[in-house]
Amino acid sequence: MDPDELLVRRAQRGERFAFEKLVERHEQRLYTLAARVLGSRDDAADAVQDALVRAWLALPKFRGDARFSTWLYRITVNAAHDARAKRREPPVEEPPDPVDPRDRFAERELSGELQRALNALDESYRVAVVLYDVLGCSYAEIAELTEVPEGTVKSRIFRGRSELAERLGTPVESTESNP
Amino acid sequence: MAEKHPDELELLSYVEEELPADARRDVVEHLVACRACAESVRRLEAGRDALRASPLLDLPEERRRETIAGLPERRDPWRPFRPVRRAILVAAPVAAAAAFVGVFVFAATQLGGGGDDEADSGAPAEAVQEAGGGADAERDQQAGTSPLEATGAPVLVRSVRGPAAEIVALLEEEGIEAVVEDGAVYVAGDPEPVRAALAGRPAGPLDVYVR
């Protein structure tokens with residue numbers, strides 16, 4: 001049984017505090033997904049906000065065919081994709097010195113070597129490796145939420161990981177201009 | 001070295017330890033002899049390790065608050081039709097009972113010549129009562145509340161599952177002000193919106209009154 005099922009049913013009936021509880025459960029993973037896909041703290045927060053509003057509005061139509069978390073990941077991937085399409089420039093430098101130490105931590109992570117290597121990957125590879133290796137989704141879940149066959153998911157993970165390792169093993173200057 | 005290189009899916013399955021024992025043995029045998037495939041495996045493992053060592057990141061607190069506070073109103077598309085649906089629910093058993101009575105009376109007049117009306121009249125009345133008795137508790141309570149309303153005493157709207165704070169929050173979401181007193185929830189004004197707001201709640205020990 002989906003561990004979110006009861007809260008989802010209540011949120012579907014319009015109970016906002018049930019939805020807030022669901023947000024509390026999933027926000028960290030949604031934000032990590034968006035941040036690793038977009039490479040920017042602010043853009044990621046915008047995408048998560050957008051995704052949560054979309055999820056709230058679409059919730060009455062959620063039938064529970066997929067796990068709720070899978071459904072949320074799908075909405076977040078779409079919101080991140082839309083945010084990326086709207087962004088005209090490559091990831092900008094984040095505003096310096098956020099007040100909250102957790103934001104400072106996120107900023108350090110997103111300006112690090114791993115993120116620069118991730119930014120250089122094809123978006124479909126980046127989404128696949130973040131979902132599989134960072135969030136621990138199964139091949140089947142990723143196939144479902146990205147709407148491609150499992151074989152394609154595996155191939156994207158293979159290529160994403162391989163390219164990432166190559167970039168991490170070589171000087172990163174060449175990736176900086178490549179969003 | 002084995003003749004054929006494993007494909008990328010086999011190499012990924014090897015790294016993820018998803019291969020059956022004999023297939024794994026074949027891949028290992030190949031990797032021992034093939035530097036290119038061994039290098040592919042090394043890259044797969046290095047990429048995986050870098051990703052898995054990366055931490056989860058926290059959504060900035062103020063963004064979460066903004067999101068929750070700014071959730072748009074989500075209107076129940078069926079809401080305008082609820083009174084109609086309720087009316088149908090109420091009317092259906094009554095209509096069914098009336099039809100039953102009609103058939104019964106018709107049959108009685110056709111078969112018995114209508115000489116025994118007084119003896120027959122008990123059965124249809126019971127049928128109506130029984131059909132009415134099968135309707136939901138909300139109506140029963142509504143029917144039972146009007147004398148109390150006349151006296152100005154608090155009127156029990158529904159008994160639901162708590163906790164009370166959650167019910168207060170739920171009512172306030174619907175724009176209904178509510179307070180908790182002596183283990184019950186009290187609301188001022190009209191019972192109908194309160195009943196509608198609590199329609200989805202299961203029954204329980206927490207009494208909700210209107211006064």
Side-chain angles (χ1 to χ4, degrees), chain A residues 9-10 13-20 23-24 27-32 34-36 41-42 44-46 48-49 52-53 56-57 59-60 98 100 102-103 105-106 109-110 112-115 117-118 129-130 132-136 151 154-155 157-166 168-169, chain B residues 7-16 18 39-79 163 165-174 196-202:
Chain A
R9 269 197 254 140
R10 291 173 58 177
R13 291 197 296 258
E15 294 183 18
R16 282 171 184 244
F17 44 83
F19 187 71
E20 186 167 354
V23 171
E24 226 174 75
E27 63 178 13
Q28 197 184 34
R29 303 168 79 75
L30 300 183
Y31 181 63
T32 303
R36 290 302 185 187
R41 221 162 33 86
D42 278 354
D46 288 345
V48 170
Q49 278 190 288
L52 290 173
V53 171
W56 165 251
L57 291 174
L59 202 53
D100 188 329
R102 291 182 309 174
D103 295 352
F105 177 75
E109 277 294 321
L110 295 178
E113 199 184 2
L114 173 66
Q115 189 60 46
L118 272 171
V129 294
V130 170
Y132 189 74
D133 285 318
V134 181
L135 300 187
K154 290 180 184 177
S155 173
I157 292 168
F158 180 95
R159 290 170 193 197
R161 275 190 194 173
S162 303
E163 270 190 43
L164 194 70
E166 270 177 48
L168 288 172
Chain B
D7 65 26
E8 56 186 33
L9 300 193
E10 282 175 297
L11 290 179
L12 179 65
S13 299
Y14 166 77
V15 170
E16 294 303 294
E18 295 161 349
E39 178 57 21
S40 285
V41 166
R42 191 201 62 74
R43 281 198 301 268
L44 277 181
E45 289 171 340
R48 174 197 64 193
D49 294 345
L51 289 160
R52 292 194 183 174
S54 69
L56 293 178
L57 306 173
D58 290 309
L59 178 68
E61 179 62 32
E62 76 275 9
R63 291 300 201 111
R64 182 159 77 85
R65 275 202 304 271
E66 270 172 33
T67 308
I68 298 296
L71 285 178
E73 197 61 32
R74 197 182 67 201
R75 280 282 159 221
D76 173 1
W78 292 103
R79 199 173 188 129
E166 217 168 69
I167 299 302
V168 170
L170 171 63
L171 291 168
E172 282 174 355
E173 287 296 334
E174 298 293 325
L198 298 176
R201 296 290 300 187

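Chain A is the first sequence line, chain B the second, and so forth, proteins listed ahead of strands; every chain is numbered from 1.
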Task: Region of Q49(A) that comes under 4.5 Å of a non-hydrogen atom in chain B - done: both

Task: Closest-packed option against chain B by number of heavy-atom pairs under 4.5 Å, given R10(A), R16(A), E27(A) - done: R16(A)

- [ ] For L52(A) and L71(B), work out which heavy atoms get closest and say how close.
- [x] O-CD2, 4.3 Å

- [ ] Take L56(B) and L135(A) through the test side chain to side chain contact (heavy atoms under 4.5 Å, CB included) and record every step on the way to the result.
- [x] CA-CA 8 Å; L56(B) 293 178; L135(A) 300 187; 3.9 Å; yes

Task: Rounded distance (nearest 0.5 Å) linking atom CG of L59(B) with atom CZ of R29(A) - done: 14.5 Å

Open item on the list: What I want to find out is whether E20(A) reaches R65(B) closely enough, with some N-O distance under 4.0 Å, to be called a salt bridge.
Closed with: no

Open item on the list: Under the criterion side chain to side chain contact (heavy atoms under 4.5 Å, CB included), I'd like the reasoning laid out for E16(B) against I157(A): C-alpha separation, chi angles, the key distance, then a yes or no.
Closed with: CA-CA 11 Å; E16(B) 294 303 294; I157(A) 292 168; over 6 Å; no

TODO: Please look at V23(A) and chain B and tell me whether the side chain, the backbone, both or neither of the residue comes under 4.5 angstrom of a heavy atom of that chain.
DONE: side chain

Task: Leading residue by heavy atom contact count with chain B [cutoff under 4.5 Å; candidates A35(A), S155(A), G151(A), G160(A)] - done: S155(A)

Open item on the list: I'd like to know if the side chain of R63(B) reaches the main chain of V48(A), judged simply by a donor and an acceptor atom lying under 3.5 Å from each other, with no hydrogens or angles considered.
Closed with: no

Open item on the list: Could you walk me through whether Y31(A) and D58(B) satisfy the side chain to side chain contact (heavy atoms under 4.5 Å, CB included) test, starting with their C-alpha distance in whole Å, then the side-chain angles of each, then the deciding distance to 0.1 Å, before giving a yes or no?
Closed with: CA-CA 7 Å; Y31(A) 181 63; D58(B) 290 309; 5.5 Å; no

Open item on the list: Quick check: do L44(B) and F158(A) have side-chain heavy atoms less than 4.5 Å from each other?
Closed with: yes

Open item on the list: For E18(B) and K154(A): C-alpha separation, side-chain torsions, deciding distance, then whether salt bridge (Lys or Arg N to Asp or Glu O under 4.0 Å) applies.
Closed with: CA-CA 12 Å; E18(B) 295 161 349; K154(A) 290 180 184 177; 5.0 Å; no

- [ ] Name the option with the most non-hydrogen atom pairs under 4.5 Å to chain B; the candidates are W56(A), F105(A), Y132(A), F17(A).
- [x] W56(A)

Task: Residues R159(A), E8(B): salt bridge by 4.0 Å N-O rule - done: yes

Task: Heavy-atom pairs under 4.5 Å with chain B, option from R9(A), Q28(A), E109(A), R36(A) with the top count - done: Q28(A)

Open item on the list: Measuring from atom CZ of R42(B) to atom OG of S162(A), what distance do you get when rounded to the nearest 0.5 angstrom?
Closed with: 10.0 Å

Open item on the list: Testing the basics here: between L114(A) and S54(B), what is the closest heavy-atom pair and its distance to 0.1 Å?
Closed with: CD2-CB, 3.6 Å

TODO: Flag the one option from A44(A), A34(A), P60(A) with the top tally of heavy-atom pairs under 4.5 Å to chain B.
DONE: P60(A)

Open item on the list: Using every non-hydrogen atom in the two residues, find where G47(B) and A165(A) come nearest and quote the distance to one decimal.
Closed with: N-CB, 3.8 Å

Open item on the list: With a 4.5 angstrom heavy-atom cut-off, is it the side chain or the backbone of L57(A) that approaches chain B, or both, or neither?
Closed with: both

Open item on the list: Quick check for you: among L11(B), V15(B), T67(B), L170(B), which has the greatest number of heavy-atom pairs under 4.5 Å with chain A?
Closed with: T67(B)

Task: Portion of E45(B) that has a non-hydrogen atom of chain A nearer than 4.5 angstrom - done: neither

